[in-house]
Structures are given as structure tokens and as C-alpha cells.
Amino acid sequence: MLNGNKMLFSGMQATGTLTLGNYLGALNNWVTLSDEYTCLYCVVDEHSITVRQDPAELRKRARNLLTLYIAAGLDPEKNIIYYQSHVPAHAELAWILNCFTYMGELQRMTQFKDKAAKHADNINAGLFTYPVLMAADILLYQSDVVPVGQDQMQHLEITRDIALRFNNLYGDVFTIPEAYIGKVGAKIQSLQDPSKKMSKSDENANASIYLTDDRDTIIRKFKRAVTDLEACVRYSDDQPGIKNLITIYSAVTGKAPADVEAEFEGRGYGDFKLAVGEVVADRLQPIQEKQAALLADKAYVDGIIKTNAERAEYLALKTLRKVQKKIGFPERIR
Ligand code: TRP
């Protein structure tokens with residue numbers, strides 16, 4: 001059922017609509033990694049409530065994200081695909097690890113500082129201890145590798161620090177996880193301002209391709225993408241707009257940037273933008289169709305949700321019980 005012995009954990013929040021950047025930078029690589037590792041891909045709904053959410057919307061988005069994982073090619077029998085909130089061990093271990101994490105460490109987290117500034121009316125304790133819950137996610141499964149973006153590196157560092165601190169006190173309880181920095185985990189920039197990352201929270205809808213966009217929208221957004229002055233398809237830092245489009249085209253087709261340049265030699269931006277729009281639409285369409293089919297098949301998806309939560313819980317409890325014993329909680333009477 002599970003392949004390989006090395007464990008991999010990653011998760012995404014079900015807030016906002018995922019973009020092509022999330023797909024090419026993360027999800028698409030997860031599919032590749034699932035051949036190499038035993039993978040847990042979690043929908044981290046407990047992290048999401050650190051900022052206010054509409055309950056119905058959160059529930060809907062969580063299901064959309066879980067089905068998207070599968071639609072994007074993650075096999076729910078080979079990988080463990082589940083909701084964080086369905087495995088109580090995450091919250092239990094997070095509580096314990098809170099007692100092994102210092103206020104000063106958490107105060108240094110840049111994401112906390114950013115989010116506290118953005119949500120000044122709701123700087124709750126959960127937002128502060130967010131990295132501890134993330135540490136619990138990772139450490140519960142004795143994860144060896146964690147594919148994360150640059151913005152999460154600091155959280156991975158604190159996870160390692162907490163794990164080392166705990167191991168120093170109680171022996172080798174936790175595997176110390178490493179960040180998995182992908183080979184090409186393509187970094188996709190905004191279509192309207194190539195100096196910024198493509199983001200699901202960009203106010204300008206033309207800046208991002210959403211994974212829910214239909215073909216016409218995708219092609220229109222690429223046509224409007226900001227390009228440069230040279231009017232030739234060349235991969236270079238002085239043409240950041242075109243460079244970004246080449247990165248996208250390369251990531252989707254698997255062709256090297258130099259081959260893309262050769263393919264579009266002597267052709268203008270217009271042709272190239274249309275070609276990028278088409279390959280992206282061709283890639284996303286079957287994913288969207290598969291996701292729609294999954295969302296329509298309630299019984300099948302519910303079955304996956306149930307079995308995968310059980311598989312995750314089985315692994316999580318092994319670690320949690322060991323931790324509880326080490327720190328001196330009374331033994332359970334069976
Ligand atoms: N904090 C991560 C993010 O916002 C999501 C996340 C939660 C995560 N738990 C994790 C990522 C564990 C990797 C491993 O992107």
C-alpha cells in the first residue's frame with residue numbers, strides 16, 4: 001500500500017483559490033514525490049481558523065482542496081490524503097509541544113509579525129502558536145522530508161529546534177525533518193507585475209491564473225500578461241515578464257527554456273502568449289473535470305476521507321503514545 005520507507009509530509013490551507021503558482025510550485029511536484037516517499041498530504045483546516053473563516057465556506061473549500069489533491073494526480077491509496085481536524089493527535093501533540101517552545105522563538109517568526117499586522121483586530125493565541133501546530137503535523141509522522149516554499153522555511157527551522165530540544169531531554173523520539181527543496185519547483189510570478197509572486201490573495205484577478213479558471217479566461221489573462229520591450233522570446237532577467245511565461249511554459253511542457261526559445265525563434269509575443277495559454281488550459285482542464293466528477297461522487301470521496309483519516313491516525317498515535325509516555329502521562333488502562 002505504501003511505497004518506500006522515507007516519510008514525507010506536506011499540507012496546504014484551504015483558504016483562497018489556488019493558483020497556477022501553487023500547482024506548478026507545489027502540487028505538481030507532490031505528484032512526482034509520491035513515487036519516491038511515503039507521503040501524507042494534509043488539508044490543514046486547523047491552521048485556517050487562526051484567522052476568521054466563514055464556517056460553510058471553510059467546509060466547502062476544504063473539500064475542494066482535498067478533491068483537488070486527488071484530481072491533480074495524487075493517488076489516495078498510495079498517499080495519505082486527509083483533513084488535519086479528523087486526526088485529533090495533531091492538536092494533542094501541539095499542546096505538548098507548546099510546553100517545549102519559547103515565547104521568544106515564536107515572537108521572531110516573520111509570518112506571525114506579518115499576519116498580526118494584517119489582522120490587528122484578531123491577534124489570537126492560535127496565530128502565535130501556529131508554528132507549533134505545524135511542528136506537530138510534521139513530527140507526528142516521523143517525517144524525513146517536508147517540501148515547503150521559502151516562506152515556510154522559518155517554520156521548518158523551529159520544528160527542527162523543538163524536535164531536537166525534546167530529543168535531548170527524552171531520547172530519540174522524533175525524526176529531525178529536512179526541508180525538501182525541489183529541483184525545479186517552479187517559482188511563478190504575477191502576470192501583471194513579474195517582480196511579485198503569483199498569489200491567491202492578489203487583488204488584481206488578471207495577475208493570477210486560478211486553478212478554477214476556464215479556458216477562455218486563461219487565454220485572455222495570458223494575452224494581457226505584462227511583457228517586455230524586446231518583442232522576442234528570450235529567457236533573460238532583463239525580460240522578467242517573458243521569462244515568467246517561459247518558466248510557465250517549461251514547467252507545463254517539460255521543455256528546457258532554451259528549447260522554448262528555439263521553438264519560438266522569429267515569432268512575436270502574441271503567438272507565444274497564446275501558446276502558453278493553450279498549454280496551461282490543456283493541463284488544467286482534465287484536472288478540473290476530474291475534480292468536478294469527484295465532487296459529484298459523495299460516497300466515493302467520503303470513503304476516501306474516512307479511510308485516509310484512519311490510516312493517518314494509526315501512524316500518528318504511535319508517535320503520540322510514545323511522547324505521552326516519555327513525558328510522564330499516566331498509562332492508559334485497557
Ligand atoms: N503553514 C503551511 C503554509 O501555509 C501549511 C502547513 C501546515 C504545512 N502544516 C504543515 C506545510 C506541515 C508543510 C508541513 O503553507
Side-chain angles (χ1 to χ4, degrees), residues 6-19 21-30 33-34 37-51 53 58 61-62 65-66 68-69 74 79-95 97-98 101 106 109-116 118-119 126-163 174-182 185 187-188 197-201 312 315-316 319:
K6 289 228 168 194
M7 300 296 288
L8 179 151
F9 187 98
S10 203
M12 277 189 205
Q13 290 208 45
T15 45
T17 309
L18 292 200
T19 69
N22 300 116
Y23 174 71
L24 294 176
L27 210 43
N28 190 38
N29 295 331
W30 289 6
L33 290 167
S34 65
Y37 296 92
T38 295
C39 302
L40 292 110
Y41 293 119
C42 187
V43 173
V44 294
D45 49 358
E46 291 175 331
H47 279 103
S48 298
I49 63 161
T50 54
V51 303
Q53 302 291 338
L58 178 61
R61 285 178 189 276
L65 183 57
L66 187 130
L68 181 68
Y69 285 0
L74 294 171
N79 305 283
I80 302 180
I81 291 172
Y82 71 108
Y83 297 127
Q84 188 182 32
S85 63
H86 283 192
V87 181
H90 288 250
E92 288 181 76
L93 182 62
W95 169 255
L97 296 180
N98 267 322
T101 308
L106 293 172
M109 295 291 120
T110 54
Q111 191 174 78
F112 170 70
K113 290 190 246 179
D114 292 348
K115 286 197 180 170
K118 211 166 137 199
H119 305 275
L127 191 64
F128 190 61
T129 60
Y130 178 113
V132 184
L133 178 59
M134 183 160 157
D137 297 342
I138 296 167
L139 300 178
L140 261 183
Y141 300 97
Q142 306 293 346
S143 309
D144 297 284
V145 288
V146 183
V148 282
Q150 204 52 46
D151 63 326
Q152 296 298 314
M153 281 301 280
Q154 206 183 20
H155 291 164
L156 194 64
E157 274 309 312
I158 197 175
T159 300
R160 291 165 54 92
D161 291 342
I162 297 169
F174 295 125
T175 302
I176 309 300
E178 306 270 347
Y180 182 94
I181 314 284
K187 260 187 72 194
I188 308 300
K197 191 172 134 180
M198 184 180 285
S199 158
K200 52 186 174 180
S201 49
L315 297 173
T319 303

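Read the numbers this way: they start at 1 and go in the same order the structure lists the ligands and their atoms.
Between Tyr41 and Trp30, the ring planes lie parallel to each other; the angle is under 30°, not in the 30° to 60° tilted range. Under the 30°/60° scheme for interplanar angles, the aromatic rings of Phe9 and His90 are found to be tilted.
Of the heavy atoms in Asp151, none comes closer than 4.0 Å to ligand 1. Only the side chain of Gln152 comes within contact range of ligand 1, with a heavy atom under 4.0 Å; no backbone atom does. Only the side chain of His47 comes within 4.0 Å of ligand 1, counting heavy atoms alone; its backbone N, CA, C and O stay farther away.
Residue-environment remark: NZ (Lys113) exceeds the threshold of 12 foreign heavy atoms within 6.0 Å.
Remark: ligand 1 and Gln111 share no N or O pair separated by less than 3.5 Å (distance only, no angle test). Annotation: Asp137 places an N or O atom under 3.5 Å from an N or O atom of ligand 1; distance criterion only.
The shortest non-hydrogen separation linking Pro177 to Arg160 is O-NH1, 2.8 Å. Contact between Cys42 and Tyr83 at its shortest, heavy atoms only, is SG-C, 4.3 Å.
What sits closest to atom 5 (C) of ligand 1 on the protein, heavy atoms only, is Gly11 O, 3.6 Å. At the top of the distance list for atom 12 (C) of ligand 1, counting protein heavy atoms only, stands Phe9 CE2, 3.4 Å.
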- Task: Given side chain to side chain donor-acceptor pair (under 3.5 Å), test Ser48 with Asp45 step by step and report yes or no.
- Result: CA-CA 5 Å; Ser48 298; Asp45 49 358; over 6 Å; no

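Shown in contact with Tyr130 at under 4.0 Å from a heavy atom are these atoms of ligand 1, numbered in order with element: 1 (N), 2 (C), 3 (C), 4 (O). Residue contact check: Ser10 has heavy atoms under 4.0 Å from atoms 13 (C) of ligand 1. Distances below 4.0 Å separate heavy atoms of Val146 from the following atoms of ligand 1: 13 (C), 14 (C). Counting atoms of ligand 1 from 1 in the listed order, those under 4.0 Å from a heavy atom of Val148 are 13 (C).
Using a 4.5 Å heavy-atom cutoff, the side chains of Thr101 and Asp161 are not in contact.
Side-chain atoms of Gln142 and Thr319 form a donor-acceptor pair, as typed in the model, at a separation below 3.5 Å.
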